[in-house]
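Letters A, B, ... mirror the listed sequences (proteins, then strands); counts begin at 1.
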Amino acid sequence: MTAKSVERYNPRVEEPRWQRLWEERQSFVVSNDDPRPRYYVLEMFPYPSGRIHMGHVRNYTMGDVLARYKRARGFNVLHPMGWDAFGLPAENAAIERGVHPGTWTRQNIAAMKAQLKAIGLGLDWSREIATCDVAYYHQQQKLFLDFLEAGLVARKQSKVNWDPVDMTVLANEQVIDGRGWRSGAPVEQRELTQWFLKVSDYSEALLEALDGLDGWPEKVRVMQRNWIGRSEGLRLLFEVLPGASAGATSIEVFTTRPDTIFGASFIALSPDHPLAARLAESDGALRDFIAECHRQGTATEVIEKAEKHGHFTGLRVRHPVRDGETLPVYVANFVLMDYGTGAIFGCPAHDQRDLDFARRYGLPVLPVVLPEGADPAAFAVEDEAYTGPGTIYNSGFLDGLAIEAAKARIAAHFGGREVDGRPQGVVEVNYRLRDWGISRQRYWGCPIPVVHCEVCGTVPVPHKDLPVVLPDDVSFDRPGNPLDHHPTWKHVACPRCGGPAQRETDTMDTFVDSSWYYARFTAPGAAGPTDRAAADAWLPVDQYIGGIEHAILHLLYSRFFARAMHKTGHVSVDEPFRGLFTQGMVTHETYKSGSGEWLAPEDVVLEASGETRTARHAETGAPVAIGAIEKMSKSKKNVVDPDEIVATYGADTARWFMLSDSPPERDVQWTEAGIEGAGRFLQRVWKLVHESIGVFERFPGAVAPSVLEEGELLEVRRLTHRTVARVGEDIEALRFNRAVAHIYELANGLSRLASEETAPAAMFGTAGHVGVLREGIERLVQLLAPMMPHLAESCWAALGKDGIVADAPWPEADPGLLVEASIVLPVQVNGKRRGEISVPVDASQATIEKEALSLEAVSRMLGGSAPKKVIIVPNRIVNVVV
RNA sequence: GCGGGCGUGGUGGAACCGGUAGACACACAGGACUUAAAAUCCUGAGGGGGUAUCCCCGUGCGGGUUCGACUCCCGCCGCCCGCACCA
């Protein structure tokens, strides 16, 4: 060993140094006027909860690797960061700790910004935005007014989850087992007048465009398709027979199975159907039934167990295709008001719910679809509805038709007819997707810029009066919306008539804030919501990275917003994100004490004897149970604080570990051993670079590797260039774990050359050796630069290279070094590997065959006879068939 | 129930388009260095058999296609995720 011993790399000194330098040089500040090709990398911006967690580290490291790589590839890379800063936790902090939501939020932002900087992210902080800044929500209010004018906003009544203690609307996610998540009070269903964004106007567009989003995971596209939930069917009118019908002369239903109309045996109304309400006025039992349905709630669990119940209304309708027959009308608990028409016809033989209902109330079950090959005389439906394909029978003029043909036939049959003065049998497409209710009875959100006037009604706040600013002097000493309690804020003059009026005190759902921030980043200081030229230049986002938990809401809302902003002239795209990547979670083992309490990793000492792992408490020594590997969460205490990791190991080590091993779309398990392994590699690279510098100093003058290298030197050159090519491909495809593995291989190969003990003595110090080593080391540092940027800078400087590695262009692989001159071909006999031959790349088939057959193992298997066949796959394999 | 995905050593995972299964890493074992430990370096390893050349088995299970299957097809089993009374 000749190299002088090297100090360990000290990230505590080196990392802040490079972070300062990048900042001074404004290395990651990007100009909209830069002529180079653009690339927009975006990670989902965080909610400023106060601390970043390992999930953030993983997410932002991935984005940073891509951004730094693209930058080295010569792109003008936009890689911004901001804060999804409105939301309920800030109000809770205000209630619990008496701190103003704005103060709390801004403190959190400052803390988290420092943390993000400490992990060395190459972000353009000059474009930082926080959604709670007036500058941001001012623009959002403009968007709202534009949307209003464009007919994209509606004000309508809807049912909401109402917490009677906190006096606020709760999102579905905030209702746990029918109770408010904070108050614990049973949640009520209330009808409130709310503001809606008309997402459903774009149901078809949002659905169709999914096919073109080939840069998105299929899983997310499927989830959105299901969420939009398109179904095509027929609207049918059933004529109500005269009687106590509360004035109804017909009932309209929506069905996707009009082919089963001959099997209809009842009509069912939703408990929320207007007719049900009218009938209940004179029917106490029905009133009780409807109340019971409402009590039952809509929690998933309840629905799963709920049995089909109904109440006969006394009404009957004329069967539309069976002359002289009538059907009973029920109110049933399983019929939803907000899908279709809130009424169905039941065909028990071919729908499980209808069958359950029919069995309970003794209604006829008549099969009208005959499975292929079934005997019409014997086929019967017992407990299971038949929903498969077949031929229509028992159905008059539909008999003998296939299902699709029967649907068309029925549509034609009703076409042009009228019932009750309305067209019968209208073909219709229904979507599950509903309009987006954005009203929240909360303080810490973007005020909805409208005024309610007794004379003029709902009046938009004129543009000149924007922004509608949140008042600072609010109190949280009683439940409800502080904006509503504020002594003066809501009292204004009507912008139209000047008379006394009231501001809208609801604020917008925070999902509105995050539905357009990607556009704002393209020109964060623009006078309007966007600078059209900047937005056009940058959008769509080339690569968006975030968690799968946003597969529906955020991503669907953003897609709607892009269309709405397109319509109102703020952007030119319909799709905001060309590429989407959903990364996996960071998980950790869980630990439980003997008394069943969760224990934090730092309170646990792990022990291994052979391959058995045990754990005990760090202080008491009591045995600890090692539990399941789960997503890091405070409640299970299995969290690791990024700050502590950075303090102990440095940012580069944390980044490297987050990129290693696990494919980025899968969960990664945080382990002490894993982070230590990453730290070891960092030190190894540092040592390797300095060992190599020692070689360069001992043998000055030898620089460029030549084409003459052979043997091991040539192999290492090949390895270097192969790794350059592979790492580039891997990063482009976001396969960071593979890039990491390839870098390990290169480092291993170079280690042999750098040490006098392992390198062949004859070559050590020759011009070829030094040149190949230098090339390899420099490439290694460059390949590491996107992943361990600080270490790479330190090495780059130690190597005496000009400038900083962050500004160095990405290395190119020499194509000539990617192909081998001779190649090792495995030789199989009957598909089983028996040996290998080394042949020139351009060897003829005959040569290869001769070589292969002359292998001892092969000739032994042949036993003197000629092979049946020899298959040669060029550059791949030889298979001898005996 | 419907939809999507996955199943490879002790562990995380690799294997491009059907062509050497287990790259790379972690953990483990042995060795070197050290008074000792840590750190570092070297070596080993899918399972079974044999001193060894080498042989057999092996990618959840059972079949199939193919010269050749982790990869394609059919049928099972198990796990994960999403949606869920949507007519």
Using atom P in both nucleotides, what's the gap between rG7(B) and rC56(B) to the nearest angstrom? 28 Å

Among rC55(B), rA25(B), rA14(B), the nucleotide that comes nearest once only the side chain of Pro663(A) is considered: rA14(B)

Under 4.0 Å, heavy atom to any atom of RNA chain B: which of residues 725-739 of chain A qualify? Asn737(A), Arg738(A)

With Arg359(A), which residues qualify under side chain to side chain donor-acceptor pair (under 3.5 Å), at least two apart? none

Give each protein N/O atom lying under 3.5 Å from an N/O atom of nucleotides 38-42 of chain B, with the pair distance.
unit_1, atom_1, unit_2, atom_2, d
rU40(B), O2', Lys687(A), NZ, 3.3

Can you figure out which of rA14(B), rA87(B), rG3(B) approaches the side chain of Arg666(A) most closely? rA14(B)

Lys219(A) NZ - rC81(B) P separation (whole Å): 9 Å

Using the P atoms only, state how far rA14(B) lies from rA25(B), rounded to an integer number of Å. 15 Å

Searching all strands shown, indicate the nucleotide that pairs with rU53(B) (Watson-Crick or G-U wobble; both distances under 3.5 Å). none

Are Arg666(A) and Asp661(A) close enough for a salt bridge, meaning some N to O gap below 4.0 Å? no

Going by purine N1 to pyrimidine N3 plus the second Watson-Crick contact, or the G-U wobble pair, all under 3.5 Å, which nucleotide sits opposite rC61(B)? rG75(B)

Say we look at rA29(B) and rG10(B): how far apart would their C1' atoms be, to the nearest angstrom? 13 Å

Of Ala673(A) and Asp338(A), the one whose closest RNA chain B nucleotide lies more 5': Ala673(A)

Both distances below 3.5 Å, Watson-Crick or wobble geometry, any strand: find the nucleotide opposite rC26(B). rG10(B)

Pairwise C1' distance, rC77(B) and rG60(B) [rounded to whole Å]: 7 Å

Interatomic distance, OG@Ser660(A) vs CG@Asn737(A), rounded to 0.5 Å, equals 8.5 Å

For the pair Arg221(A) (side chain) and Leu210(A) (backbone), establish whether a donor and an acceptor sit closer than 3.5 Å, ignoring hydrogens and angles. yes

Would you please name every residue forming a side chain to side chain donor-acceptor pair (under 3.5 Å) with Asp259(A), sequence neighbours left out? Arg257(A)

Measuring from atom CG of Leu236(A) to atom CD1 of Ile410(A), what distance do you get when rounded to the nearest 0.5 angstrom? 7.5 Å

Side chain Trp686(A), main chain Asn10(A), donor-acceptor under 3.5 Å: no

So how far is it from Leu207(A) CG to Gln224(A) CD, rounded to the nearest 0.5 Å? 10.0 Å

Looking only at side-chain N and O atoms, does Asp435(A) offer a donor or acceptor that is under 3.5 Å from a partner on Ser200(A)? yes

rA21(B): pairing nucleotide in any strand, Watson-Crick or G-U under 3.5 angstrom: none

Would you compute the distance between atom CG of Asp667(A) and atom CE of Met632(A) and round it to the nearest 0.5 angstrom? 11.5 Å

Gap in Å between the two C1' atoms, one belonging to rG9(B) and one to rA27(B), rounded: 12 Å

Where does rG9(B) land, syn or anti, once you apply the within-90°-of-0 test for syn? syn

Is rA15(B) paired to anything, Watson-Crick or G-U wobble with both distances less than 3.5 Å, and if yes, which nucleotide? none

Give me the distance, rounded to whole Å, that separates rG63(B) from rU51(B) when you measure between the C1' atoms they each carry. 42 Å

What's the closest nucleotide to the Arg834(A) side chain, out of rU20(B), rA87(B), rC55(B)? rC55(B)

Parallel, tilted or perpendicular: rings of Phe681(A) and Trp656(A) (30°, 60°): parallel

When we call it a touch if two heavy atoms are under 4.0 Å apart, what does Arg225(A) touch: a base, just sugar-phosphate, or nothing? nothing

Map Thr255(A) and Gly677(A) onto RNA chain B by nearest heavy atom, then report which one ends up closer to the 5' terminus. Gly677(A)

According to the ring-ring contact (aromatic ring centres under 6.0 Å, His included) rule, which pairs have a member within residues 329-352 of chain A, sequence neighbours left out? Phe312(A)-Tyr330(A), Tyr330(A)-Phe357(A), Tyr330(A)-Tyr361(A), Phe334(A)-Phe357(A)

Tell me whether rC17(B) sits syn or anti, counting syn as a glycosidic angle within 90° of 0. syn

For a quick check of understanding: with a heavy-atom distance under 4.0 Å over all strands, which category does Asn748(A) fall into, base, sugar-phosphate or nothing? sugar-phosphate

Can you tell me how far P in rA84(B) sits from the matching atom in rG12(B), rounded to whole Å? 32 Å

Protein-nucleotides 64-69 of chain B N/O pairs closer than 3.5 Å?
unit_1, atom_1, unit_2, atom_2, d
rC67(B), O2', Asn879(A), ND2, 3.3
rC67(B), O2, Asn879(A), ND2, 2.4

Measuring from Glu292(A):CD to His309(A):NE2, what's the distance to the nearest 0.5 Å? 8.0 Å

Give me the distance, rounded to whole Å, that separates rU20(B) from rA39(B) when you measure between the P atoms they each carry. 38 Å

It should be established whether Arg833(A) places a side-chain nitrogen or oxygen under 4.0 Å from OP1 or OP2 of nucleotide rA21(B). no

